[in-house]
2 protein chains.
Amino acid sequence: MALKIRKNLSPAPPNECPLSKCMEVLRGAWTPNIIWNLSGGPRRFSELRVDIPKVSAKVLTTRLRDLEAKGVVLREVKPTSPPSVEYSLTDLGQQLIPAIDAIAAVGHKLKERAAAQECTKGRGRRVAAE
Amino acid sequence: MALKIRKNLSPAPPNECPLSKCMEVLRGAWTPNIIWNLSGGPRRFSELRVDIPKVSAKVLTTRLRDLEAKGVVLREVKPTSPPSVEYSLTDLGQQLIPAIDAIAAVGHKLKERAAAQECTKGRGRRVAAE
DNA sequence: TTATGTGGTATCCGATCAGTAACTAACAGT
DNA sequence: ACTGTTAGTTACTGATCGGATACCACATAA
């Protein structure tokens with residue numbers, strides 16, 4: 001049986017694909033998390049540190065600066081007594097939320113799947129050990 | 001004006017968030033692209049190399065193996081004369097497509113935005129040649 | 001015999017990333 | 001005067017990622 005070359009093209013766009021463009025924004029370990037936490041309204045730097053305890057100050061700063069430079073978040077210094085900084089999503093950032101939601105939805109399914117695999121004891125649908 | 005602590009919690013889930021779970025899958029430079037190209041139907045290794053010319057064989061192999069291990073793609077060796085390998089999305093992989101679409105949609109908007117910023121002259125929204 | 005195509009592996013290298021710890025400046029409260 | 005809070009910065013370090021290159025076994029075609 002000889003090989004046959006498929007001629008149908010993949011659905012990838014010819015020029016630079018928007019996928020990579022968006023992944024550029026989402027790149028970085030904590031970026032999606034930060035946007036997620038910002039989606040509920042503006043938050044201060046130290047609030048975000050509490051929201052995502054595992055992120056270090058350095059990384060959080062880096063990510064926020066990146067996102068600010070990309071026009072996704074807005075940084076505002078508030079004239080409080082210890083000056084505080086508030087971060088919020090721009091309208092562009094808001095548009096990322098559906099994508100993040102979709103990602104989170106898949107993550108939910110992944111968790112279910114992982115849980116189902118973890119307890120192999122279950123009667124139906126036992127995943128065979130490989 | 002003294003600082004006031006906000007008590008409303010961010011919408012992040014308490015335990016491990018599905019966002020990171022899914023980003024684990026999507027991690028890697030070319031992963032979303034690969035899934036995108038697979039979304040149009042099964043493809044062979046060398047077809048993917050043509051689809052995404054900038055990815056090296058090493059990285060492509062690595063990504064495909066990762067995705068296979070995570071249950072996102074299926075790898076099938078076909079008994080053709082030069083044995084060929086076909087990769088396709090599993091049902092789990094299919095579920096990633098909406099997320100990828102959402103990401104691509106945002107990427108599209110990002111491109112528009114970038115184009116609009118590039119030609120500051122404004123009104124006509126002429127897409128500059130790149 | 002050599003060339004080509006298929007589906008990879010092995011190795012090295014440089015860039016980037018993220019974590020840790022220490023440090024800062026201004027101000028409020030005690 | 002001392003301490004805590006806010007929002008970072010800086011330097012050091014290890015991990016990982018991805019690119020480039022070379023190489024492999026096998027099969028067909030010329």
Side-chain angles (χ1 to χ4, degrees), chain A residues 1-7 17 19-20 23-35 37-38 42-70 73-88, chain B residues 1-7 17 19-20 23-35 37-38 42-70 73-88:
Chain A
M1 189 217 260
L3 259 179
K4 268 178 206 127
I5 300 296
R6 286 204 199 89
K7 294 211 309 282
C17 80
L19 218 41
S20 313
M23 289 312 285
E24 247 173 64
V25 175
L26 258 41
R27 173 170 39 184
W30 300 104
T31 309
N33 260 286
I34 292 169
I35 297 175
N37 280 285
L38 249 33
R43 290 191 92 66
R44 295 205 318 271
F45 186 83
S46 49
E47 287 175 320
L48 287 172
R49 294 219 58 190
V50 176
D51 291 341
I52 320 170
K54 293 184 205 158
V55 74
S56 66
K58 188 195 82 167
V59 173
L60 185 53
T61 306
T62 310
R63 288 293 136 250
L64 287 169
R65 289 287 137 86
D66 278 7
L67 292 173
E68 192 194 356
K70 281 164 187 156
V73 308
L74 182 67
R75 179 179 182 270
E76 284 171 298
V77 180
K78 296 285 176 181
T80 47
S81 164
S84 61
V85 181
E86 209 172 75
Y87 293 93
S88 55
Chain B
M1 186 216 261
L3 262 179
K4 266 176 207 130
I5 300 297
R6 286 205 198 86
K7 296 212 308 283
C17 79
L19 217 40
S20 313
M23 289 312 285
E24 248 172 65
V25 175
L26 258 42
R27 172 171 42 182
W30 301 102
T31 309
N33 260 286
I34 293 168
I35 297 175
N37 281 285
L38 251 32
R43 287 190 94 66
R44 296 206 317 273
F45 187 83
S46 49
E47 288 175 319
L48 287 172
R49 293 219 59 188
V50 176
D51 292 340
I52 321 170
K54 293 185 206 158
V55 74
S56 66
K58 189 195 82 167
V59 174
L60 184 53
T61 307
T62 310
R63 289 294 135 251
L64 287 168
R65 290 287 137 85
D66 278 6
L67 291 172
E68 192 193 355
K70 280 163 187 155
V73 309
L74 182 68
R75 180 178 183 270
E76 283 171 298
V77 180
K78 297 284 176 181
T80 48
S81 166
S84 60
V85 182
E86 208 171 75
Y87 294 93
S88 55

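Chain A is the first sequence line, chain B the second, and so forth, proteins listed ahead of strands; every chain is numbered from 1.
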Query raised in the report: With sequence neighbours left out, what residues match B:Val55 under side-chain contact (heavy atoms from CB on, under 4.5 Å)?
Result: B:Trp30, B:Ile52, B:Val59, B:Leu60
Query raised in the report: Could you give the CZ-to-C1' distance, from B:Phe45 to C:dG7, as a whole number of Å?
Result: 6 Å
Requested in this report: Mark yes or no for whether A:Lys70, through its side chain, and A:Glu24, through its backbone, hold a donor-acceptor pair below 3.5 Å.
Outcome: yes
Report task. Mind calculating the distance between CZ (B:Arg44) and P (C:dG5) to the nearest angstrom? Result -> 12 Å
**Report entry** Distance, rounded to the nearest Å, where A:Leu64 contributes CG and D:dA7 contributes P
**Finding:** 11 Å
Query - All pairs passing side-chain hydrogen bond (donor to acceptor under 3.5 Å, both in side chains) where residues 60-69 of chain B contributes a residue, at least two apart - result: B:Arg63-B:Asp66
Query raised in the report: Which of these nucleotides, C:dG8, C:dG7, D:dG8, is closest to any side-chain atom of B:Thr61?
Result: C:dG8
Query raised in the report: Does a side-chain N or O from A:Tyr87 land closer than 4.0 Å to OP1 or OP2 of D:dT6, or not?
Result: no
Report summary line: Contacts of A:Ala57 meeting side-chain contact (heavy atoms from CB on, under 4.5 Å) (sequence neighbours excluded), chain-then-number -> A:Phe45, A:Arg49
**Report entry** side chain to side chain donor-acceptor pair (under 3.5 Å) partners of B:Ser20, counting only residues at least two apart
**Finding:** A:Asn33
Query raised in the report: Where along nucleotides 15-30 of chain D does protein come under 4.0 Å, by heavy atom, of base (B) or sugar-phosphate alone (S), with - for untouched nucleotides?
Result: ---BBB------SS--
Query raised in the report: In whole angstroms, how far is the P atom of C:dT6 from the CZ atom of B:Arg75?
Result: 16 Å
**Report entry** Derivation of the side chain to side chain donor-acceptor pair (under 3.5 Å) call for B:Arg43 and B:Tyr87
**Finding:** CA-CA 5 Å; B:Arg43 287 190 94 66; B:Tyr87 294 93; over 6 Å; no
Report task. Report the distance from atom CG of A:Leu60 to atom C1' of C:dT20, rounded to the nearest whole Å. Result -> 16 Å
**Report entry** Nearest-angstrom distance from the residue atom CG of A:Leu48 to P of D:dT6
**Finding:** 13 Å
**Report entry** d(CZ, A:Arg65; C1', D:dT10) in whole Å
**Finding:** 14 Å
Query raised in the report: If you look at every strand shown and take non-hydrogen atoms under 4.0 Å, does A:Arg49 touch a base, only sugar-phosphate, or nothing?
Result: nothing
